Every structure is written in C-alpha cells, then in structure tokens.
Amino acid sequence: MKKLITGGTVVTAADEYRADVLVEDGKVAQIGHDLDAGGAEVVDASGLLVFPGGIDPHTHLDMPFNNTVTDDDWETGTIAAAHGGTTTIIDFCLTAGEKRLKDAVVKWHEKADGKAVIDYGFHLMVGELNEDTLSQLPDVLEEEGIASVKVFLAYAREFQASDRTLFQAFKVGADTGAVVLVHCENGSVIDELVDTALAEGHTEPKYHYLTRPPQLEGEATKRAIELANLAGAKLYVVHVTCKEAVDEIIEARNKGYDVLGETCPPYLTLDQTYLEKPGFEGAKYVWSPPLREKSNQDVLWHALQSGQLQTIGSDQCSFNFNGKKRLGIDDFSKIPNGGPFIEDRFGVMYSEGVAKGRISLQEFVALVSTNAAKTFGLFPQKGTIAVGSDADIVLFDPNVERTISASTHHMNVDYNAFEGMEVRGEPVSVMVRGEWVIKDRKFVGNPGSGKYLRRKLANAKTVRQQEVMQS
Ligand code: URP
Ligand code: ZN
Ligand code: ZN
Ligand code: ZN
C-alpha cells in the first residue's frame, strides 16, 4: 500500500531538510511538499527524523563457532535489528568443511529463508582456505551474488589463514573485484600467550584481553595492508579497536592504498575493565579483538570523524551468559567469543555520536548506513532516501530518553553489554521496501519477508574474460 510520510526531517549522508516522502511499490516515489496522498496511508512524522534504514555490514546469525552456535537466529536476530533501526544486514556465510563452497551458501540460505524480516546479503567467510577452495571462489562469488570475502588472521585452531593463503585470497579479490575483509590479530602469537597464561594457572575472563594485546592487532593490520596492496586488492579491516591498528590504516590511506576500516559500538563506549568484573561476569564482554584501554575510544572517534574509518558494524555474535558463555567457566580460552549488538548499534551511535556532539547527523547516516551500501555494492538501492531507492526508512524520535536493558531488548540472549546505558533517541517505526516491520515500537512484520540481496562483483567474469581475450 502507498504511504505518505509527512512533516518529518529527511536526513541522508548529504542533506537534512523538511519534506514529505511518498512510498509506492516498495520504492521512494516522490519527495517534496503537498504531494498527492491519493489513497495512501498518511503517517505523521512531525518532530521525527526520517533516516534511511541502517545497514549492518557485520553479523553472525545462527553461526557455528567456538564449539557451539550463536544464540540469535535469523528470526530473533533480524527482528531485534529492525527494532533498532537496521533494515539490511550482511551476514557472514561460514564455509568450513564443505567440499563445495556452494553447499555452504545453500546452507546459509536455508537458515535465513522463512525467518528474516529485513533484507540481507552474505559475505563469504572461508574457514578453510586452500588450493581447492581458492579455485572455487571466483565462480561461487559470481553465481551466488556475493561481492566480499572474509579471511581470518586469528583463531589459529579454527580458521586462521597463513600469509600465503591470505595473499592468494587478495589475488582473487584483485581479479574479481571482491572486497576482502580481514580479521586482523596475530593468532599464532595469541595462542602462545594463551597457553602460557593457562600453564601459569590463569583461567579468568580478563586473561582474554591480557593475551590479545593491541600490538598483535597493529601487526596483523599492517601485514594485511601490505599484502593487499601488493596483490592489488581492496581491503576492509573489520572491527578495528585500537590506536595501533588505526595508525596503520591512516598511514596506508595517506599513501593512497585502497583500505577501509570498520569499528563497532562497544569499542567506542566500553573498555577492558569490563572483563575484570567479579565472578565470571567478565565473560559477558569476551569477544575478539577484545575491549581495550579507554584512551583508544578517543582515537576511534577521531578516526570516524575524519573519515579514516568508514563504517559501524555490530559484530553481532550472541551467546547466553547463563548458557554457552559457561563453556569457559574454568578456562577463559573456551568462552565463546562474541556479544549481542545488532539491536543497539544504530541507537548507541546516534546517542554517543550525534547527541553528544561527536558526529553530525550526516556523518551518522554515512557511518551506520550509506558507506556500507557504497562499499558492498548496494548503493543507491540501499543506504539513502532518494527517488527510486528502496523505501527502507526509520522514523526516529531524537528526544526520547531511555535506558538500554536486557529486560526490554528483543535479542534472544539473557544480557545486554550496554545494560544501564542511558541513551537519547529511539527508532519509533521502521519500514523495509515500503512495508512496516516496526510500527509504534511494535513488531508487525512477517518472518520470511526479508529478501536476499544479490550483489555484483566489480569485475564480473564476463569482464575478466574480455580482458583475457584482448590481452
Ligand atoms: O568475537 C567475535 N568477534 N566473534 C565473532 C567472530 C569474529 O571474529 O568476527
Ligand atoms: Zn572477526
Ligand atoms: Zn577527542
Ligand atoms: Zn565478526
């Protein structure tokens, strides 16, 4: 049904203006004044900000990891995302053990089908990089509409790539145009530090951060940057946490390297002392890279303000505290790594960023939506409010004051890492392709209504073949 959003302030990464928005057939049909409502549902957005839907480029829903599986699936995870103002996610499709990478993608579709309430794409996360999987990559990416690949330099016992395979993955990225996302920590040295700590009898959660020092993030970031540049690939450094890594990214960008960086709300707001909470409570804050010393928060904010980091991912990867987190009760290295952030990514960035005067409204939209759409091949279908774009729209009340709590969140997990945080602003109603998913703070969508987003590689095979024929 047609909808006419009246009286709100439209905010994009470029603009901010009073206008009405007419939505028809899932798209933004007109933006202006005195538009003909002609049978449309009229929505009064006076006093509200009208944002493009958030795009979360980093989620792990229903993913097997650290000997267990994440607690939010595609239904609970995407409903929570929608409540929080996110209308598109790009989730990591994990391939590990499948002989054919394509089988992993089929499996990921089965997880999402019938459950997702918002739109979604996949990054291919190749847990086992070898000759065989590397040779399959270009075709799988093209056939499945996946334009990005993630490689790990951490998790030595699960997914870590050698420098050689990392470099080969970058060559695939350079050849196909796929963006290569890298988790930058030196997993081999971390394993040595972990084994030493355990041998000395240290088992508590705080040893998670003590065995993953920021130098190892800086070192791996530098390595990934140089190897990507040598191969000619576009590098996207996921979940940047510290000065050591930010400095490497800035230096590379100043040299003209093709490097982008993402950070996540917890690194901007919490610090490593959370892992020192008494009892086992620190386990709630165990994810990788770990929370850092507080001074890093200012470094990250400055990098966002100056455009040296471009996106905010949630790194949603939830495990119940009174459940799977307990796998590590006697050994910090067995605590499943990850936290619940999909719901609060957008709201925390508005409150800590815009309401506290650290970033402008336009920078906020760029960071939580537009830049991810541009980087991952979804713009201008997603990531803005413009005639012809998908009508993914968040009506946001900037004046509400509320307190984040597990007792009111929608994620399928028994704690919230931002528990007690007072935030300003709240998504009130959210639509995806012109249909309400959240209306007046209530979920009104349909599991299964979310659509898979096929993305195009910058150098599709047809282009690559033409190049070969011409050379
Ligand atoms: O601890 C984290 N971040 N868990 C999710 C997997 C990853 O490294 O992104
Ligand atoms: Zn990671
Ligand atoms: Zn500052
Ligand atoms: Zn992640």
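Just follow the structure's listing: the first ligand is 1, and inside any ligand the first atom is 1. Only a predicted model underlies this, so the values are computations on that prediction, with no experimental measurement involved.
Although no hydrogens or angles enter the test, the distance criterion places no donor-acceptor pair under 3.5 Å between the side chain of Thr221 and the main chain of Glu248.
Ligand 1 places these atoms under 4.0 Å from at least one heavy atom of His60: 5 (C), 6 (C), 7 (C), 9 (O). Annotation for ligand 1: atoms under 4.0 Å from non-hydrogen atoms of Asp315 are 2 (C), 3 (N), 5 (C), 9 (O). Residue Trp287 approaches ligand 1 through these ligand atoms, each under 4.0 Å from one of its heavy atoms: 1 (O). Distances below 4.0 Å separate heavy atoms of Cys317 from the following atoms of ligand 1: 4 (N), 5 (C).
In this comparison of Asn337, Thr59, Leu181, the heavy atom closest to atom 4 (N) of ligand 1 sits on Asn337.
Heavy atoms of Glu158 stay at 4.0 angstrom or farther from ligand 1. In this structure, Phe65 is part of the shell of residues with a heavy atom less than 4.0 angstrom from ligand 1. Not a single heavy atom of Met63 sits less than 4.0 Å from an atom of ligand 1.
Note on Asp195 versus Arg157: salt bridge recorded, some NZ/NE/NH1/NH2 to OD/OE distance being below 4.0 Å. Residues Glu419 and Lys284 are not paired through a salt bridge, judged by the lack of any N-O separation under 4.0 Å between the basic side chain and the carboxylate.
Its N, O or S atom nearest to the Zn ion (ligand 2) is what matters here, and for His183 that atom is ND1. Taking the Zn ion (ligand 4) as reference, Asp315 places its N/O/S atom OD1 nearest. Atom NE2 is the N/O/S atom of His60 found closest to the Zn ion (ligand 4).
Remark: aromatic rings of Tyr120 and Trp108 are distant, center separation not under 6.0 Å. In this structure, His239 has its ring center at least 6.0 angstrom away from the ring center of Tyr267.
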Handout entry: From CA spacing to verdict: ring pair (Phe, Tyr, Trp, His ring centres under 6.0 Å), His58, Phe92
Key = CA-CA 7 Å; His58 190 150; Phe92 289 94; 4.7 Å; yes
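For the pair NE2 of His239 and NZ of Lys150, the angle whose vertex sits at the Zn ion (ligand 2) is 120° to 10 degrees.
Here the heavy atom of the protein found nearest to atom 1 (O) of ligand 1 is Ser288 N, 2.8 Å.
When all heavy atoms of Cys317 and His60 are compared, the pair lying nearest together is CB-CD2, 3.9 Å.
Residues Arg441 and Glu426 meet the side-chain proximity criterion, which asks for heavy atoms closer than 4.5 Å.
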